[in-house]
Each structure stands twice: as structure tokens, then as C-alpha cells.
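The next block holds one structure in the form of C-alpha cells; read it before the comments.
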Amino acid sequence: MTTPPSAAAAIPRSLFLFSILYGGMTCIAGVLGVKQVALGPLAVEAGIFAFLLLVVIGSAIAELHGRAAADRMVRFGFVPLVMSALLIQLVLVLPTDPGMYLPAVDAFPIVVGQGARMMIAGLIAYGTSQTLNVYIFSRLAAGADNLLWLRAMVASAASQVIDTLLFISISFLGERDIGGLLAGQMLAKVVLSIVLVPPLIYLFVALGRRMDRA
């Protein structure tokens, strides 16, 4: 007779729900990145908002459930990321319905299509930057007097710099001048990490603790 799992062995509610949100953000980040947004003097691809949520969720999971759980979530994040990329490629090669709205016929490949080089760059940048974010956040926990906002902000800024360096270098090196693009994207992402990450990390950790108490 199989013994049902105890309540203590069940996955924590915050870990379950945050993991679902995390997987969704991995899928939508690339689509959002098609648009460049102007934030005052800063120009950045809109995918940064999804990536900032990824680093915040990763840090919140590390705070609530430990580094090992956060690292596992980063690794599992490859599944929806790869599956969504493969499904996009499948849809792109399937024949288009003749009755499809004509402007959408031309726009769809532009919005969702990525070359193999950019897809590889995205996978490498994602895995490296998100793992680095969890590592830095967890390492700072011992010496930061539990300054949650500071640990999350530093980890986010550092991981976003590495993410930008890897993605742009792998995607465009040898095809265009990447110096200005790198500098602008890094500056924008660091500024957004400083402005947005501290309040978001407190929000997600508070939500996680409330869900787990419930």
C-alpha cells in the first residue's frame, strides 16, 4: 500500500507558484525584446522587464528555500525556453493560411523569428547570468547583515551586465560594431536593477512567506 506524501514533503506553495511564473517569463522575454523602449535618455529592449523578474524570482527563491532550490529552478527554466524556441521554428516553417491578415503575415516572422546564432546566444546568456545571480545573492547573504535589497540589487546588476556581454557578443560580434550597443544596454540594465529590483525583491519575499504560512 502506497503511503501518501506528508504535508511536510509537499512542495512549498511559493516555490510552486513562483516556478510557474519563472517559466512563463523565460518564454516571453525574447518576444518582448523585439521592441526597444525609451526610458528618458536610456534605450533598452523591453525584454529586460521579464529578465528582471527572472532575477528577482531567482533571488526570492534563494532567500525563501535556499540556493539549491534556486539553482534547480534556473536549470528547469531551460525546458520552457527550449520548447518555446522549437515551437516557434515549427510554426515559422508551416504554410501560412491564405486568409491570414496580410500585415500579420510579414510581421510575425519579424516579431518571433530568431536566427540560430541568437538562439544559442540566448541560451548561453540565460544560463550563465541567472546562475550568477543566484550565486552572488547567496554568497552575499553571509556578509551583508541580511540587507536583502542590497544583495538583490548587486546580484541583479552584475548578472545583467554578464547577460548583455554574452548575448550581444555572441549574436553580433563580427557583424556590426557592438561597443556602443554594449555600453548603452549595460548602463540601462544597471540603472533598472538599482531602481526596480529592491522594491520587487521585498514584494516577492513577502508574498512567498505569506503563501507558505497559508
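Hydrogens, waters and symmetry mates play no part in the numbers below; they use all other heavy atoms, side chains included. As the structure is a computational prediction, the values presented were derived from the model and not from experiment.
With a 6.0 Å radius and a threshold of 12 heavy atoms from other residues, nucleotides or ligands, Arg117 has its CZ atom above the threshold. Crowding of Phe49 atom CZ: a count of heavy atoms from other residues, nucleotides or ligands under 6.0 Å exceeding 12.
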- [ ] Would you check, one step at a time, whether the test side chain to side chain contact (heavy atoms under 4.5 Å, CB included) holds for Val31 with Val111?
- [x] CA-CA 7 Å; Val31 177; Val111 173; 4.2 Å; yes
Task: Derivation of the side chain to side chain contact (heavy atoms under 4.5 Å, CB included) call for Val74 and Tyr22 - done: CA-CA 9 Å; Val74 171; Tyr22 189 93; 3.5 Å; yes
TODO: Carefully, step by step, assess Ser14 and Leu207 under the rule side chain to side chain contact (heavy atoms under 4.5 Å, CB included).
DONE: CA-CA 8 Å; Ser14 64; Leu207 285 174; over 6 Å; no
Open item on the list: Assess the residue pair Gln160 and Leu192 against the criterion (side chain to side chain contact (heavy atoms under 4.5 Å, CB included)); give the C-alpha distance rounded to whole Å, side-chain angles, the decisive distance to 0.1 Å, and a yes or no.
Closed with: CA-CA 10 Å; Gln160 289 303 297; Leu192 289 174; over 6 Å; no
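In this structure, the side chains of Phe204 and Leu64 stay at 4.5 Å or more apart for every pair of heavy atoms. By the 4.5 Å heavy-atom criterion applied to side chains, Phe18 and Met211 are counted as neighbours. Inter-residue side-chain proximity for Phe137 and Glu63 is flagged as met; some heavy-atom pair is nearer than 4.5 Å. Residues Gln89 and Val93 form no side-chain contact, since every pair of their non-hydrogen atoms from C-beta on lies 4.5 Å or further apart. Between Leu52 and Lys189, the closest side-chain pair of non-hydrogen atoms is not below 4.5 Å. At least one side-chain heavy atom of Val134 sits less than 4.5 Å from a side-chain heavy atom of Arg67. Considering only heavy atoms from C-beta on, Ile162 comes within 4.5 Å of Thr128 through its side chain.
Residues passing the ring-ring contact (aromatic ring centres under 6.0 Å, His included) test with Tyr126 are Phe78, sequence neighbours excluded. The ring-ring contact (aromatic ring centres under 6.0 Å, His included) search around Phe167 returns none, not counting sequence neighbours.
When hydrophobic clusters are built by joining Ile, Leu, Val, Met, Phe, Trp and Tyr residues whose side-chain heavy atoms come closer than 4.5 Å, directly or via intermediates, Leu86 is not grouped with Phe76. Hydrophobic clustering (ILVMFWY, side-chain heavy atoms < 4.5 Å, transitive): Leu132 and Leu140 are in one cluster. Under the 4.5 Å side-chain heavy-atom criterion for Ile, Leu, Val, Met, Phe, Trp and Tyr, Met83 and Ile88 are members of distinct hydrophobic clusters. Under the 4.5 Å side-chain heavy-atom criterion for Ile, Leu, Val, Met, Phe, Trp and Tyr, Val105 and Val34 are members of distinct hydrophobic clusters. In the hydrophobic cluster analysis, where Ile, Leu, Val, Met, Phe, Trp and Tyr join through side-chain heavy atoms closer than 4.5 angstrom, Ile124 is grouped apart from Val79.
Of the possible donor and acceptor atoms, one in the side chain of Ser159 sits under 3.5 Å from a partner among the backbone N and O of Ser156. Using modelled atom types, one side-chain atom of Ser84 and one backbone atom of Leu81 make a donor-acceptor pair closer than 3.5 Å.
Here the closest non-hydrogen pair linking Asn133 and Ser59 is ND2-OG, 3.3 Å. Heavy atoms only, all atoms of each residue included: Ile28 and Ala50 are closest at CG2-CB, 4.1 Å. Residues Leu92 and Pro109 come closest through the heavy atom pair CD2-CA, 3.9 Å. Across every non-hydrogen atom of Thr164 and Leu182, the tightest pair is O-CD2, 3.6 Å. Counting all heavy atoms, side chain and backbone alike, Val44 lies closest to Ala188 at CB-CB, 3.8 Å. Nearest heavy atoms, Trp149 versus Pro198: CB-CB, 3.9 Å.
Phe108 pairs with exactly one of Val112, Asp106, Ile110 by the side chain to side chain contact (heavy atoms under 4.5 Å, CB included) rule, that one being Val112.
Taken to the nearest 0.5 Å, the CE atom of Met153 stands 5.5 Å off from the CD1 atom of Ile194. Note that CD of Glu45 is 7.0 Å distant from CD1 of Ile168, once rounded to the nearest 0.5 Å.
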